[in-house]
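Nothing fancy with the numbering, it's 1 onward along the sequence.
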Amino acid sequence: ASRATLSRAETMPGLHLPRAAWRPSQRRLWILFASLLLWAGSAAPGRVWTASNFTAANSSLSALIKQLQAIPRARRVKLAGQLVEEGGALSRGITSIDYKKDIVALFKRDRWQDASVLEIGTASGGATALLSLLFGTVLTFDIHLDNSLSTQRQLFAGVPNVVFMLQSTDQPYAYRFLAGNRNIRAAVIDGDHSEESVFLDIFRVLHDIPCCIEVLVFHDYCASEVSQAVRFFEDAQVIRFTKAVGDDPGVFWWCSEGRPEGAAFTVLRDDAEIFRRRLWDLYVRYTGAHTEAKLNSTVWHFPMQAATMFLSLGPGQYVQVRDLYDCSQKVLGSATIYSSVEGITHPRWGMSSMQATIKDENGNLCAFLNFDSEVSGVTFAHVPENSHLESCQAAVHFGTFRGIAVVGIRTKHAIQVAKDVYERTALFEQP
């Protein structure tokens with residue numbers, strides 16, 4: 001190829017080189033000289049990307065991000081690491097400089113450039129900014145509307161690949177709307193640091209989004225409650241420790257036992273069925289959701305029946321319903337709870353659920369209660385074969401008001417729904 005190129009060069013108008021230049025002994029020198037000329041042309045003003053240029057030229061975070069996103073990824077990733085170390089916009093936030101540098105190093109490969117990352121805990125947007133330079137899309141979640149809006153408006157205006165969302169993982173099936181997104185490949189978790197909150201953050205990310213998250217990164221892994229929540233999933237062989245991230249050991253006052261500031265974990269999805277089984281069994285054990293104690297004394301609202309159900313369990317206790325029209329109250333029967341029943345709900349929502357039978361004083365089966373996997377809703381169905389029994393008439397009447405099966409929602413969730421509806425429909429004076 002080099003010989004053909006040189007032959008063409010000899011015949012080009014205006015190119016006058018001595019014939020001796022093409023002798024084998026001098027050919028390499030001329031090729032080197034031509035390469036230097038080409039390099040000099042490519043390094044024209046405006047194409048020299050250095051950390052000092054970006055630090056001086058950008059006074060806002062959004063402007064910095066947009067300019068960095070306009071250059072080739074390999075160079076952008078290198079500059080991001082340099083800018084973090086030098087300070088300025090990319091070093092903002094409570095996370096350490098080493099944590100930010102390790103995040104860049106962890107996701108520097110090109111395989112992440114078109115992927116999406118989920119971030120729990122937007123806060124001031126320090127980690128969000130770095131992730132926007134490493135991933136194709138950043139889905140960043142917070143629970144405070146004011147904080148999310150101010151961060152978006154003040155720091156990320158015009159940044160196209162950062163999507164701000166509000167959601168709390170203490171809500172049932174919180175991330176179900178992301179279930180069809182197969183491009184979310186990593187999650188960075190830095191939200192509420194209580195053990196229960198971190199546990200639910202991890203569970204929602206791995207359960208509600210069934211595919212294809214590969215890596216989890218935790219900030220404040222050095223805090224005891226965070227590391228304890230993570231350890232549950234590690235012991236269940238759902239995730240595996242990969243490397244420390246940030247200061248090692250962590251230096252914040254809440255750090256303990258020599259743990260690093262953050263940690264990266266690999267998600268163990270080799271066998272999808274085993275993975276989901278381990279994940280679900282851990283959730284049931286940790287939350288105690290499928291126990292009689294969790295259901296006892298709970299209240300359920302049935303909007304189509306305009307009725308409320310009171311679920312009392314144990315000897316001498318009965319399931320009762322109250323009509324919200326005339327405030328009359330009827331006894332449906334006594335309930336028996338069956339925990340972790342499989343096959344009554346779709347595995348998309350959980351591997352098992354709870355079921356209750358309602359019987360009259362003679363032990364005749366009058367109705368079933370099928371609870372969803374996270375015990376936030378229930379389907380009531382009377383038993384047609386025993387609908388002729390006088391002792392089952394209360395259940396039959398309750399079930400046939402709108403059909404054999406009727407649907408209810410746990411009152412604590414119904415109250416939140418009602419609040420949401422009120423907020424969206426009530427008139428408020430606008431500031």
Side-chain angles (χ1 to χ4, degrees), residues 115-121 139 141 167-219 221 225-243 262-291 294-295 338-355 370-377:
S116 298
V117 60
L118 187 152
E119 180 189 30
I120 297 179
L139 307 173
F141 287 82
Q167 185 61 278
S168 174
T169 54
D170 64 358
Q171 299 300 308
Y173 317 105
Y175 291 153
R176 63 191 180 279
F177 60 94
L178 295 173
N181 192 323
R182 301 177 66 86
N183 198 43
I184 303 175
R185 298 303 179 90
V188 177
I189 299 176
D190 189 12
D192 187 325
H193 291 345
S194 67
E195 180 188 297
E196 183 179 3
S197 294
V198 177
F199 182 95
L200 289 175
D201 287 345
I202 303 170
F203 177 75
R204 295 287 173 228
V205 165
L206 298 180
H207 178 266
D208 295 359
I209 310 172
C211 178
C212 301
I213 294 175
E214 305 169 25
V215 176
L216 299 182
V217 179
F218 301 92
H219 186 244
Y221 177 74
E225 290 197 67
V226 175
S227 62
Q228 179 58 58
V230 174
R231 194 173 301 119
F232 287 124
F233 292 87
E234 194 175 10
D235 292 344
Q237 299 180 42
V238 173
I239 58 176
R240 182 178 61 238
F241 178 84
T242 304
K243 61 175 296 185
F265 286 78
T266 300
V267 180
L268 305 176
R269 291 185 186 272
D270 293 342
D271 187 306
E273 183 67 22
I274 293 176
F275 174 80
R276 287 187 65 79
R277 171 63 64 183
R278 288 173 176 171
L279 187 61
W280 182 252
D281 288 348
L282 174 60
Y283 171 79
V284 172
R285 288 197 309 272
Y286 181 83
T287 62
H290 293 185
T291 61
K294 284 284 186 178
L295 277 180
Y338 299 92
S339 299
S340 298
V341 180
E342 298 189 12
I344 62 173
T345 56
H346 194 284
R348 160 74 184 85
W349 306 109
M351 304 294 287
S352 61
S353 190
M354 298 184 73
Q355 187 178 68
N370 283 352
F371 298 89
D372 75 301
S373 297
E374 296 194 23
V375 200
S376 61

**Test applied, side-chain contact (heavy atoms from CB on, under 4.5 Å); reference residue, Ile202; option that passes from Leu200, Val205, Leu206** = Leu206
**Item:** Test side chain to side chain donor-acceptor pair (under 3.5 Å) applied to Thr169 - qualifying residues, sequence neighbours left out
**Value:** Asp201
**Request:** Could you check Phe199, Trp280, Trp349 and say which one makes a ring-ring contact (aromatic ring centres under 6.0 Å, His included) with His207?
**Result:** Trp280
**Expected output: side-chain Asp372 to main-chain Gly377 donor-acceptor under 3.5 Å** = yes
**Request:** Look only at the side chain of Ser373 and the backbone of Ser353, and say whether a donor-acceptor pair between them is shorter than 3.5 Å.
**Result:** no
**Prompt:** Taking atom CZ of Arg348 and atom CZ of Arg276, what is their separation to the nearest 0.5 Å?
**Reply:** 7.0 Å
**Request:** Name all residues meeting the side chain to side chain donor-acceptor pair (under 3.5 Å) criterion together with Asn181; count only those two or more places apart in sequence or in a different chain, and write none if there are none.
**Result:** none
**Complete:** Output for pair (Leu139 CG, Leu178 CG), nearest 0.5 Å, gives 6.5 Å
**Request:** Determine yes or no for a side-chain-to-main-chain donor-acceptor pair under 3.5 angstrom, with Ser339 supplying the side chain and His290 the backbone.
**Result:** yes
**Request:** Identify, with sequence neighbours excluded, every residue that meets side-chain contact (heavy atoms from CB on, under 4.5 Å) alongside Asp270.
**Result:** none
**Message:** According to side chain to side chain donor-acceptor pair (under 3.5 Å), who are the partners of Thr287, at least two apart in sequence or on a separate chain?
**Reply:** none
**salt bridge (charged side-chain N to carboxylate O under 4.0 Å, His left out) against Asp208, all qualifying residues, sequence neighbours excluded** = Arg204
**Request:** Check whether any side-chain heavy atom of Ile213 lies under 4.5 Å from a side-chain heavy atom of Arg269, and answer yes or no.
**Result:** yes
**Request:** Can you see which heavy atom on Thr345 is nearest to which on Gly350, and at what distance?
**Result:** OG1-O, 4.1 Å
**Prompt:** Which residues satisfy the side-chain contact (heavy atoms from CB on, under 4.5 Å) test with Lys294, sequence neighbours excluded?
**Reply:** Thr291
**Message:** If the condition is side-chain contact (heavy atoms from CB on, under 4.5 Å), which residues does Phe177 pass it with, not counting sequence neighbours?
**Reply:** Phe141, Met165, Gln167, Tyr175
**Request:** For Asp281, enumerate each residue passing the salt bridge (charged side-chain N to carboxylate O under 4.0 Å, His left out) test, keeping only those at least two apart in sequence or located in another chain.
**Result:** Arg277
**Item:** Min side-chain heavy-atom separation His193-Glu225 under 4.5 Å
**Value:** no
**Prompt:** With sequence neighbours left out, what residues match Gln355 under side-chain contact (heavy atoms from CB on, under 4.5 Å)?
**Reply:** Val341, Ile344, Phe368, Asn370
**Prompt:** Taking only residues two or more places apart in sequence, or in another chain, which ones meet Arg185 in a side chain to side chain donor-acceptor pair (under 3.5 Å)?
**Reply:** Glu214
Under 3.5 Å, which donor-acceptor pairs do the side chains of residues 230-243 form with other protein atoms, sequence neighbours left out?
| from | atom 1 | to | atom 2 | distance (Å) |
| --- | --- | --- | --- | --- |
| Arg231 | NH1 | Gln228 | OE1 | 2.9 |
| Thr242 | OG1 | Thr266 | N | 3.2 |
| Thr242 | OG1 | Thr266 | OG1 | 2.8 |

**Message:** Are the side chains of Glu195 and Tyr286 in contact, using a 4.5 Å heavy-atom criterion?
**Reply:** yes
**Prompt:** Who are the salt bridge (charged side-chain N to carboxylate O under 4.0 Å, His left out) partners of Glu273, not counting sequence neighbours?
**Reply:** none
